[in-house]
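A short worksheet on the structure shown next.
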Amino acid sequence: MSQNTLSPAPILGERVELARYTVSGAERIVYGQRINGVVRVTDRPAGQPGRSYLIERGLERDGYEALKALVADYTSQAEQLDGIPMAVSLVRHTIEQETT
């Protein structure tokens with residue numbers, strides 16, 4: 001006999017914009033949101049279709065200063081790479097930098 005159990009709906013907190021950045025003419029937004037009590041930081045396209053990326057989850061243990069540092073580092077990397085840090089292969093970027 002099988003049991004059909006329904007998972008409870010996730011508890012979603014408000015999605016909060018943490019930063020905006022632009023790469024290759026496309027604007028991106030870094031959001032923070034609590035889902036079932038766990039802080040998740042995502043990178044999403046601003047107002048257009050496109051891929052979203054999970055940057056980090058579980059930051060509630062590290063505090064607000066860690067969140068600010070993560071966002072500052074992430075947007076700085078985006079500027080340096082002129083790309084989405086979660087999408088850009090750091091190995092490929094390093095190789096390209098060494099050959100130029």
Side-chain angles (χ1 to χ4, degrees):
M1 181 161 114
S2 68
Q3 292 182 348
N4 290 334
T5 58
L6 297 176
S7 298
I11 300 169
L12 302 176
E14 180 182 352
R15 188 168 64 183
V16 177
E17 183 177 317
L18 302 173
R20 284 182 182 251
Y21 68 95
T22 303
V23 291
S24 302
E27 189 173 32
R28 310 273 311 172
I29 303 174
V30 176
Y31 288 107
Q33 183 176 25
R34 246 180 226 281
I35 301 174
N36 291 334
V38 177
V39 174
R40 295 182 189 195
V41 180
T42 56
D43 179 340
R44 299 174 180 258
Q48 69 237 11
R51 181 158 179 195
S52 296
Y53 296 90
L54 175 65
I55 299 170
E56 186 68 69
R57 69 173 168 238
L59 282 174
E60 67 280 352
R61 293 177 238 138
D62 300 323
Y64 185 62
E65 291 302 316
L67 175 64
K68 290 191 322 187
L70 172 73
V71 172
D73 184 58
Y74 188 83
T75 54
S76 174
Q77 284 183 36
E79 183 178 311
Q80 290 173 6
L81 297 169
D82 189 32
I84 302 164
M86 296 306 291
V88 175
S89 165
L90 294 179
V91 173
R92 184 185 73 211
H93 179 70
T94 302
I95 291 169
E96 289 172 355
Q97 292 298 314
E98 290 177 357
T99 59
T100 57

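Here the structure is a predicted model, which is why all the values come from computation and not from measurement. For the numbers below, each heavy atom of this structure counts, side chains included, while hydrogens, waters and symmetry mates do not.
Here the OG1 atom belonging to T42 is positioned 12.0 Å from the CD atom belonging to E56, to the nearest 0.5 angstrom. How far OH of Y31 is from CD of E17: 5.5 Å, rounded to the nearest 0.5 Å. One distance of note links OH of Y21 with OG1 of T75; it measures 9.0 Å at 0.5 Å rounding. In this structure, the separation between OG1 on T22 and CD on E79 is 10.5 Å, given to the nearest 0.5 Å. With rounding to the nearest 0.5 Å, the separation of CZ in R44 from CG in L54 is 9.5 Å. Distance check, rounded to the nearest 0.5 Å: CD1 of I55 to CE of M86 gives 7.0 Å.
Side-chain atoms of Q33 do not come within 3.5 Å of backbone N or O of R40 as any donor-acceptor pair.
Using a 4.0 Å cut-off between charged nitrogen and carboxylate oxygen, E27 and R20 count as a salt-bridge pair.
Side-chain heavy atoms closer than 4.5 Å link hydrophobic residues (I, L, V, M, F, W, Y) into clusters, and following such links, even through other members, never connects L18 to L12. No continuous path of hydrophobic side-chain contacts links I35 to V16 [ILVMFWY only; heavy atoms under 4.5 Å]. Hydrophobic clustering (side-chain heavy atoms under 4.5 Å, transitive across Ile, Leu, Val, Met, Phe, Trp, Tyr) groups I84 together with V71. Taken together through direct or relayed side-chain contacts under 4.5 Å among Ile, Leu, Val, Met, Phe, Trp and Tyr, V23 and L70 form part of one hydrophobic cluster.
Taking a 6.0 Å sphere around CD of Q48, one finds it holds more than 12 heavy atoms contributed by other residues, nucleotides or ligands.
Across all their heavy atoms, P45 and S52 have their closest contact at CD-OG, 3.9 Å.
Looking at D43 and Y74, their side chains do bring a donor and an acceptor atom within 3.5 Å of each other.
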